[in-house]
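All values reported here derive from a predicted model rather than from experimental measurement. Just so it is clear: chains get the letters A, B, ... in the order the sequence lines come, proteins before strands, and each one is counted from 1.
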Number of protein chains: 2
Amino acid sequence: MAKTDVLTLAILGMLSEQPLHGYQLRKQLGSELGAFRALSYGSLYPALKRMVGSGLIAADANEAEDAHAASSRRSRIAYRLTDAGKARLADELASAGASSWDDDAFDVRFSMFDKTDSATRLRILEGRRSRLAERLEEVSESMQQRRERNDAYTTELQRHGLERVEREVQWLDQLIETERSAPGGNTKAATGGENN
Amino acid sequence: MAKTDVLTLAILGMLSEQPLHGYQLRKQLGSELGAFRALSYGSLYPALKRMVGSGLIAADANEAEDAHAASSRRSRIAYRLTDAGKARLADELASAGASSWDDDAFDVRFSMFDKTDSATRLRILEGRRSRLAERLEEVSESMQQRRERNDAYTTELQRHGLERVEREVQWLDQLIETERSAPGGNTKAATGGENN
DNA sequence: TACTCGATGTATCGCGCCGATACAACGGTT
DNA sequence: AACCGTTGTATCGGCGCGATACATCGAGTA
């Protein structure tokens, strides 16, 4: 089972809606997600190259040649999903493994929830929740241990960090409850199931 | 004015308390700050090497040779600040420029607030605040623009992200107010002043 | 005594990301 | 006709990360 990193997954998701140029892709990813707020071209273009190389996407170089032959050869490249790309995306969408629980990965995965069935959504939310609970425990432990040694500012920083994570857990709890009481939306039944 | 990246600054701060080994350095940075939660050795050791190369720190290889000569030659390296390192740290501590306003950089800077005078503290807090206000505006703009096009989940993700930033601003406002009404703590008067 | 195991400790490799930078054509304004 | 902001592709050096390898120490245990 080939690995699919976060950026690759995000691109697959974007392109599943419609073919896009690199430039447009960047804008969309930047505004749609919290992650990738300022995704650089130094990441994007190499990523696209890799994906073309592994056959997940294909590059359609400038199609518009209706009239007057090959005059103004603009170099714009529209990328679209191949069948392999669609298959990979479907695979990822049906999985709820640990690779969907980290900060950026979760955001990307969450933004595609309307393409996922309710059971998988729930498993991702719960996985994320338990991941955050782990972090909560680690941080509050190390806070207690060094409570005396730290100055007021460091303590405040830790307290605030802790609070932020707690709030995140509360948010997830809300989402989980909603998902449980109203499994609505997409219900295309976990095909295959259990990845990662 | 030589550039000082976040990791370098954090190391300078840690070593200003006491000489430390790479291993200890990693543990401290991991537990003390929110940033650097899991700083890898693949970053730390090269960074230390760079800093030795640029003369900011010095490496004292294993001093403990009290008795029975050179028997168990353990390879442990304690790093300490050089005079150049102390000077650089003092420089950074007196500056409140834009390089202290980003997420990780701010955390590192904030955790050293007890080594900075009140005026500089205030300027950093305000800089961070205005940086977050910028982000707030960008995000809420792009939310309004594509309100219709997005599905419910993406919208919720954006809303939550926005809320998180708003909360961050509130936290800063509190800190600013406190700092204004009680400039206490270190008051070593901005020496030299205005960097970055 | 010997064995194992976890913590301490140093170090490197490949890979991917970032910020900066360069280049170029398009569309609209003055 | 000159200017400028947006769209668009592309690369380079530097650096952080995760994985991995290796070595020693102290303590508990068979």
Item to check | For atom NZ of B:Lys3 and atom C1' of C:dC18, their distance in whole Å | outcome: 13 Å
Checklist entry - Mind checking what makes ring pair (Phe, Tyr, Trp, His ring centres under 6.0 Å) contact with A:Trp101, not counting sequence neighbours? => result none
Checklist outcome for this item: Taken in chain and number order and not counting sequence neighbours, the residues that satisfy side chain to side chain donor-acceptor pair (under 3.5 Å) with B:Ser54 are none
Checklist entry - B:Leu25 has an atom CG; how far is it from atom P of C:dT8, in whole Å? => result 15 Å
Item to check | Value in whole Å for how far the P atom of D:dC15 lies from CG of B:Leu39 | outcome: 15 Å
Checklist entry - Could you state the CZ-P distance from B:Arg26 to C:dA7, rounded to the nearest angstrom? => result 13 Å
Checklist entry - What pairs with B:Glu126 under salt bridge (Lys or Arg N to Asp or Glu O under 4.0 Å), at least two apart in sequence or on another chain? => result B:Arg180
Item to check | Where at least one partner belongs to residues 133-142 of chain B, residue pairs that pass salt bridge (charged side-chain N to carboxylate O under 4.0 Å, His left out), sequence neighbours excluded | outcome: B:Asp103-B:Arg135
Checklist entry - Between C:dA7 atom C1' and B:Lys27 atom NZ, what is the distance in whole Å? => result 8 Å
Checklist entry - Taking the side chain from B:Arg109 and the backbone from B:Glu92, do they hold a donor-acceptor pair closer than 3.5 Å? => result yes
Checklist entry - Taking only residues two or more places apart in sequence or in another chain, which ones pass side chain to side chain donor-acceptor pair (under 3.5 Å) with A:Arg80? => result A:Asp60
Next on the checklist: Going by the rule salt bridge (Lys or Arg N to Asp or Glu O under 4.0 Å), which residues pair with B:Arg26 if we only count those two or more places apart in sequence or in a different chain?
Outcome noted: none
Checklist outcome for this item: Which of A:Leu125, A:Thr120, A:Leu93, A:Leu175 passes side-chain contact (heavy atoms from CB on, under 4.5 Å) with A:Phe113? Answer is A:Leu125
Item to check | By side chain to side chain donor-acceptor pair (under 3.5 Å) - contacts of B:Ser31 (at least two apart) | outcome: A:Arg146
Checklist entry - For DNA chain D, which residues in residues 101-112 of chain A have a heavy atom at a distance below 4.0 Å? => result none
Checklist entry - Quick one, which residues of residues 127-139 of chain A touch DNA chain D with a heavy atom under 4.0 Å? => result none
Checklist outcome for this item: When rounded to whole Å, the OH to P distance for the pair A:Tyr23 and C:dC23 reads 19 Å
All N/O pairs under 3.5 Å across the protein-nucleotides 11-16 of chain C interface:
{"unit_1": "C:dT12", "atom_1": "OP2", "unit_2": "B:Lys49", "atom_2": "NZ", "d": "3.0"}

Checklist entry - Which residues pass the ring pair (Phe, Tyr, Trp, His ring centres under 6.0 Å) test with A:Tyr41, sequence neighbours left out? => result A:Tyr45
Checklist outcome for this item: ring pair (Phe, Tyr, Trp, His ring centres under 6.0 Å) filter on A:Tyr79, not counting sequence neighbours, yields none
Checklist entry - Could you give the CG-to-P distance, from A:Asp60 to D:dT9, as a whole number of Å? => result 12 Å
Checklist entry - Can you tell me how far P of C:dG19 sits from CZ of A:Arg37, to the nearest Å? => result 12 Å
